[in-house]
Amino acid sequence: MNIYVANIPFTSSVADLKERFEQFGTVTSAKIVIDKLTNRSRGFGFVEMADNSAGREAINNLNGSDFEGKSLVVNEARPKTDTQTGGYGNGSRGGFNSRW
DNA sequence: GCTGAGCGT
């Protein structure tokens, strides 16, 4: 269960996310996307959890919640390199891979 | 001592 976390404040780090998601389940790996060029946080990251149910719980609970004074955005991440059969094309927001 | 879209070295 990989989860996409956006609207992360720049004063936050991966340990904060990991802690925040460990409230709902076991976090396999958490990472904040740092821009390769500027070496600065882009404000979003990815959290991978062990249980899918815990991931759903974390999404439903942490999405839109208060995080460092800002509303956190938590969604399910789309597969980075997986069988993108069907082609979501240049899926900007909205198109999610419903693998449920 | 940088900045707020949003899907990753």
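Please read these numbers as outputs of a predicted model, since none were measured by experiment. Each chain gets a letter, A, B and so on, in the order the sequences are listed, and its residues count up from 1.
If you take CD of A:Glu48 and P of B:dG8, they are 15 Å apart, rounded to a whole angstrom. If you measure from atom OH of A:Tyr4 to atom P of B:dG8, you get 9 Å, rounded to the nearest angstrom. Here B:dC7 presents its C1' atom at 6 Å from CZ of A:Phe44, a figure rounded to the nearest Å. One atom, CG of A:Leu17, and another, C1' of B:dG6, lie 15 Å apart when rounded to the nearest Å. In this structure, A:Ile3 places its CD1 atom 17 Å from P of B:dG8, rounding to the nearest Å. Atom CZ in A:Arg42 sits roughly 14 Å away from atom P in B:dA5 (whole-Å rounding). Straight-line distance from the CG atom of A:Leu72 to the C1' atom of B:dG4: 13 Å, rounded to whole Å. Distance, A:Arg78 CZ to B:dG6 P: 11 Å, rounded to whole Å.
Between the side chain of A:Asn75 and the base of B:dG6, no donor-acceptor pair under 3.5 Å is found.
Taking every side-chain heavy atom of A:Ala6 into account, B:dG6 is the closest of B:dG4, B:dC7, B:dG6.
Qualifying side chain to side chain contact (heavy atoms under 4.5 Å, CB included) partners for A:Asp51, counting only residues two or more places apart in sequence or in other chains: A:Ser53, A:Ala54. Qualifying side-chain hydrogen bond (donor to acceptor under 3.5 Å, both in side chains) partners for A:Asp35, counting only residues two or more places apart in sequence or in other chains: A:Thr38, A:Arg42.
Closest-nucleotide positions on DNA chain B for A:Asp35 and A:Ile8 were compared, and the one nearer the 5' end corresponds to A:Ile8. Nearest-nucleotide mapping onto DNA chain B: of A:Val73 and A:Thr38, the residue sitting toward the 5' end is A:Thr38.
Not a single donor-acceptor pair under 3.5 Å links the side chain of A:Asn7 to the backbone N or O of A:Val73.
Glycosidic conformation of B:dG4: anti, with the torsion beyond 90° of 0.
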Next on the checklist: Evaluate A:Ile59 against A:Met1 for side-chain contact (heavy atoms from CB on, under 4.5 Å), listing each step before the verdict.
Outcome noted: CA-CA 11 Å; A:Ile59 289 173; A:Met1 183 68 180; 3.7 Å; yes
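Across every non-hydrogen atom of A:Ala30 and A:Val47, the tightest pair is CB-CG2, 4.0 Å.
The ring of A:Phe46 lies on top of the base of B:dG8, close enough and flat enough: under 5.5 Å between centres, under 30° between planes.
Across all strands, A:Ile32 comes closer than 4.0 Å to no nucleic acid atom at all (heavy-atom distances).
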